[in-house]
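Chain identifiers are assigned alphabetically (A, B, ...) following the order of the sequence lines, protein sequences preceding nucleic acid strands; residue numbering begins at 1 within each chain.
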There are 2 protein chains.
Amino acid sequence: MATATLERPETRTGAPCCAPSAASATVTEPEAEEYAAWFKALADPTRIRILNLLARSEEPLCVCDIVDRFPLGQPAISHHLKILRDVRFVHSERRGTFMYYRVNRACLGEFPEAARRLLNA
Amino acid sequence: MATATLERPETRTGAPCCAPSAASATVTEPEAEEYAAWFKALADPTRIRILNLLARSEEPLCVCDIVDRFPLGQPAISHHLKILRDVRFVHSERRGTFMYYRVNRACLGEFPEAARRLLNA
DNA sequence: CAAATGCATCGACAAACGTCAATGTATCCA
DNA sequence: TGGATACATTGACGTTTGTCGATGCATTTG
């Protein structure tokens with residue numbers, strides 16, 4: 001899957017986050033693909049746990065911190081982190097040779113509200 | 001995937017819906033699989049649009065009504081409806097030879113809140 | 001009962017996903 | 001400059017997913 005598929009105009013123009021300002025109206029096919037991409041990023045137990053781990057951590061965590069907590073190899077963890085980064089659920093920041101990850105609170109905060117508008121119309 | 005995987009004790013004992021009463025604590029691996037199953041059910045554009053269609057409809061819709069709105073065959077639509085039923089996002093009811101589907105408001109209402117507790121800890 | 005209708009299920013197939021081992025890249029340090 | 005460290009990327013593999021055509025089942029109607 002191409003990364004560009006998950007990058008929306010709003011994000012490229014500097015909008016803080018994810019919500020496509022969905023009114024409680026009909027969801028078009030492009031919008032549906034966008035929503036599905038967000039849900040797909042959460043459709044794996046490991047990513048759920050990584051995200052919860054980052055959400056509950058005061059400090060950003062480096063990749064090796066995360067690898068230590070899972071029975072998976074480092075490439076698998078990096079793969080999941082990339083998926084979470086592509087949909088803007090997490091941010092990453094270099095510190096020397098370390099990459100520190102933290103949740104994108106603006107994005108995760110808007111996500112449940114977007115889900116509500118979508119499903120609870 | 002077996003249907004039984006998506007049936008949690010609460011649903012079997014008559015609880016209204018989905019939320020596993022997740023405090024804002026560490027998500028265990030079984031809990032993560034449960035959450036992932038819900039998100040997985042929403043990780044497809046067609047299911048997003050089916051769910052939005054049902055959510056915006058006052059009246060329940062039969063399968064042929066839904067089939068008419070998508071460029072997919074009837075087996076594909078039935079397949080997606082089964083996935084949405086397995087996670088309790090929709091209900092189905094027979095009327096003669098027709099199967100009428102409607103959203104499970106209790107479930108879809110709790111889902112965003114569960115997502116918030118999970119991600120916005 | 002028999003035919004017709006609406007939907008579910010099955011079998012098959014291509015595409016996507018998750019994982020690992022191996023390798024590449026960037027940064028720090030001696 | 002060269003080695004070591006932390007992470008990303010690649011290629012391969014088995015599993016899962018989404019779709020279709022064909023078929024089966026339940027219900028209504030003649």
Visitor: Determine the minimum heavy-atom distance between B:V90 and B:L81, stating which atoms define it.
Guide: CG2-O, 4.2 Å
Visitor: Expressed in angstrom and rounded to an integer, what is the separation of A:I50 atom CD1 from C:dG18 atom C1'?
Guide: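 So the two atoms are 12 Å apart, to the nearest Å.
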Visitor: Distance check needed: D:dT9 C1' versus A:R85 CZ, whole Å only.
Guide: 12 Å
Visitor: How long is the line joining CD of B:E93 and P of C:dC7, in whole Å?
Guide: 13 Å
Visitor: Once each nucleotide of nucleotides 19-30 of chain D is scored for protein heavy atoms under 4.0 Å, what B/S/- sequence comes out, 5' to 3'?
Guide: BSBB----BS--
Visitor: Report, one line per pair, each donor and acceptor closer than 3.5 Å where one atom sits in a side chain of residues 62-74 of chain A; sequence neighbours left out.
Guide:
{"unit_1": "A:D65", "atom_1": "OD2", "unit_2": "A:C62", "atom_2": "N", "d": "3.4"}
{"unit_1": "A:Q74", "atom_1": "NE2", "unit_2": "A:S78", "atom_2": "OG", "d": "3.2"}

Visitor: Nearest to the A:I83 side chain among C:dG18, D:dA8, C:dC7, which nucleotide is it?
Guide: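 Among the listed nucleotides, the one closest to the side chain of A:I83 is C:dG18.
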Visitor: If the condition is ring pair (Phe, Tyr, Trp, His ring centres under 6.0 Å), which residues does A:Y101 pass it with, not counting sequence neighbours?
Guide: none
Visitor: According to a strict under-4.0 Å criterion, is A:Y101 in side-chain N/O contact with OP1 or OP2 of D:dA6?
Guide: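 No, outside the criterion.
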Visitor: Rounding to an integer number of Å, can you tell me how far B:D86 CG sits from D:dT17 C1'?
Guide: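 Distance, rounded to whole Å: 14 Å.
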Visitor: Could you tell me which residues satisfy side chain to side chain contact (heavy atoms under 4.5 Å, CB included) with A:A32, sequence neighbours excluded, listed by chain and number?
Guide: A:V27, B:P45, B:I48, B:R49
Visitor: Please report, rounded to the nearest Å, how far the C1' atom of D:dT9 is from the NZ atom of A:K82.
Guide: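 The distance from NZ of A:K82 to C1' of D:dT9 comes to 10 Å, rounded to the nearest Å.
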Visitor: Let me test you: for the helix from C:dC1-D:dG30 to C:dA30-D:dT1, what is the angle between the axes at its two ends (five pairs each), rounded to 10 degrees?
Guide: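 About 10° separates the two local helix axes.
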Visitor: Among residues at least two apart in sequence or on other chains, which ones pass side chain to side chain contact (heavy atoms under 4.5 Å, CB included) with B:P75?
Guide: none
Visitor: Parallel, tilted or perpendicular: which one describes the rings of B:Y100 and B:F98, with boundaries at 30° and 60°?
Guide: tilted
Visitor: Round to the nearest Å and state the distance from A:L42 atom CG to C:dG18 atom P.
Guide: 12 Å
Visitor: For B:F89 and B:F111, take the angle between the two ring planes, folded into 0 to 90°, and tell me which bin it lands in: parallel under 30, tilted 30 to 60, perpendicular over 60.
Guide: perpendicular
Visitor: In chain order, what residues pass the side chain to side chain donor-acceptor pair (under 3.5 Å) check against A:R47, with sequence neighbours excluded?
Guide: A:H80
Visitor: In whole angstrom, what separates B:F39's CZ from D:dT16's P?
Guide: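 One finds 21 Å between P of D:dT16 and CZ of B:F39, rounded.
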Visitor: So, using salt bridge (charged side-chain N to carboxylate O under 4.0 Å, His left out) as the criterion, who are the partners of B:E93 when residues are at least two apart?
Guide: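 Scan of B:E93 (salt bridge (charged side-chain N to carboxylate O under 4.0 Å, His left out), adjacent residues dropped) gives B:R95.
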Visitor: I want to confirm an ordering. Mapping A:A43 and B:I77 to their closest nucleotides on DNA chain C, which one lands closer to the 5' end?
Guide: B:I77
Visitor: When the distance from CG of A:L81 to C1' of C:dG18 is rounded to whole Å, what number comes out?
Guide: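 Taking CG of A:L81 and C1' of C:dG18, I get 14 Å after rounding.
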Visitor: What nucleotide among C:dG18, C:dA8, D:dA8 has an atom nearest to a side-chain atom of B:M99?
Guide: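 The answer is C:dA8, which lies nearest to the side chain.
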